[in-house]
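See below for the structure under consideration.
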Amino acid sequence: MASRTVVIPVFDHFQSLDVTGPLEVFDTANRVAGEDSTSSPDINAAHHTASAYNIVTASVDGAAARSSSGLAIVPTTSIDEVREFDTLVVPGGAGAHAPNPELVEWLRDNAPRARRVASVCTGAFLLAEVGLLTGRRATTHWSQCAALAERFPGVTVEPDPIFVRDGHIATSAGVTAGIDLSLALVEEDLGRSMALTTARYLVVYLRRPGNQAQFSAHLAAQTAARAPLRELQHWITGNLHADLSVEALAARVQLSPRHFARVFTAEVGVTPGRYVDQMRLETARRLLEDSDGGVERTANACGYGTPEAMRRAFLRELGVSPAEYRRRFRPAAH
């Protein structure tokens, strides 16, 4: 596996989670990548040998940078020592509004060399300052969207999405959205399964681009403790067109319907019926985003029976029809 160097510049008065969130995502992905498929990553290990990502933090002079909350980070190196890199992740914070001129100059000279550039929260102001967002769509923390649009009129600011990708430039909303964006980058590099496992060990959801928080998918966080129920969950995912009534599911794990419903709800956090609804919706969303199949074909594959049943589910849960969802959220071809 080829190593991808991820550079995260730090500066005084950065937002701490804008740095530590993405850093932990890429580091956990390294730990996940270092384990075989039959074991679990040791997320408490002091060292790991995986080479998916080489994570570098850098300040202007190589000295420690203090966040707005008082947390100090001793960087790996200075920005002048950074040579070749794959991905640049720029954090936000108060320091992004009045940035160090040396950092701005370095970004202007070096950001174009990256395969992709991302910002977290108000890090978008730094990207805009060096001209990377001119003529592009972007987002930032909801409270700063109007200020970004006013200060940089050449940027099309979208206040709703968790994150926005326009070409090789990506911008994300406030603080924890940087984790969502970083997971999307891991998915792009290493695949959905690796990103899901990374999200699971960070105890967060793996999210796709969406207008609001309800577009996040409840995936790995809902895993039963008992092996038979976990196996049933996996079976449900691959058999959404089957009879998934409580009676049928209970029979598969040799429990009475009442006992099955009780233990499933206790361990998974939702009723069996609600879990099936969520899996059907999530699978339908992925198919609409990732495939060319029509709405009727998608409805049949996900067990909705009819396109109208799927349409009602989308309107109830997401507030948009399947066709409108695909129009909004299917990645544009490049």
Side-chain angles (χ1 to χ4, degrees), residues 6-23 25 58-60 65 67-69 79 87-185 207-216 328-329 331-332:
V6 178
V7 174
I8 307 176
V10 293
F11 44 84
D12 283 337
H13 307 299
F14 68 91
Q15 169 73 38
S16 59
L17 195 57
D18 290 3
V19 173
T20 58
L23 190 152
V25 169
S59 65
V60 168
S67 75
S68 55
S69 63
I79 55 176
T87 301
L88 177 66
V89 179
V90 178
H97 291 283
N100 185 313
E102 291 181 59
L103 176 59
V104 172
E105 182 180 359
W106 184 86
L107 288 172
R108 184 174 288 115
D109 293 341
N110 292 274
R113 297 194 292 116
R115 178 173 67 91
R116 61 191 178 191
V117 179
S119 68
V120 183
C121 197
T122 54
F125 283 79
L126 275 167
L127 298 191
E129 183 71 31
V130 299
L132 290 175
L133 299 184
T134 302
R136 295 184 184 274
R137 298 160 46 246
T139 193
T140 186
H141 191 282
W142 61 267
S143 68
Q144 297 295 311
C145 284
L148 182 65
E150 181 178 359
R151 183 172 170 184
F152 301 101
V155 181
T156 301
V157 180
E158 299 187 0
D160 292 327
I162 295 168
F163 58 84
V164 170
R165 302 190 69 175
D166 190 331
H168 72 293
I169 307 290
T171 52
S172 61
V175 287
T176 57
I179 295 175
D180 302 317
L181 175 54
S182 299
L183 284 167
L185 299 181
R207 291 176 175 170
R208 298 293 300 229
N211 269 353
Q212 300 173 3
Q214 69 260 28
F215 283 83
S216 63
R328 291 188 188 181
F329 302 120

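These numbers were taken from a predicted model, which means no experiment stands behind them.
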For Thr87, give me all partners under side chain to side chain donor-acceptor pair (under 3.5 Å), at least two apart in sequence or on another chain. Arg116

Looking only at heavy atoms, which two atoms of Ser172 and Leu181 are closest? And how far apart? CB-CD2, 3.9 Å

Name each donor-acceptor pair under 3.5 Å that joins a side chain in residues 95-102 to protein atoms two or more places apart or in another chain, with its distance.
from, atom 1, to, atom 2, distance (Å)
Asn100, OD1, Glu102, N, 2.7

Name the atoms and distances for all side-chain donor-acceptor pairs under 3.5 Å in residues 142-154, with sequence neighbours left out.
from, atom 1, to, atom 2, distance (Å)
Ser143, OG, His141, ND1, 2.8
Arg151, NH2, Glu129, OE1, 3.0

Would you indicate whether the side-chain heavy atoms of Leu107 and Leu88 approach each other to under 4.5 Å? yes

With Leu133, which residues qualify under side chain to side chain contact (heavy atoms under 4.5 Å, CB included), at least two apart? Ala124, Leu127, Ala128, Ala138, Val155, Ile169, Thr171

Applying salt bridge (charged side-chain N to carboxylate O under 4.0 Å, His left out) to Arg137 and not counting sequence neighbours gives Glu158

For Val117 and Ala111 the tightest heavy-atom approach is CG2-O, 3.7 Å

Using 0.5 Å steps for rounding, measure from the CG atom of Asp166 to the CG atom of Leu132. 11.5 Å

Tell me whether Thr140 contacts the main-chain N or O of Ala173 through its side chain, where contact means a donor paired with an acceptor under 3.5 Å. no

Show which side-chain atoms of residues 6-22 pair as donor or acceptor with protein atoms under 3.5 Å away, not counting sequence neighbours.
from, atom 1, to, atom 2, distance (Å)
Asp12, OD1, Arg66, N, 3.1
Asp18, OD2, Gly92, N, 2.9
Thr20, OG1, Ser16, O, 3.1

To check you understand the geometry: which heavy-atom pair defines the closest contact between Arg165 and Ala170, and what is its length? CG-CB, 3.9 Å

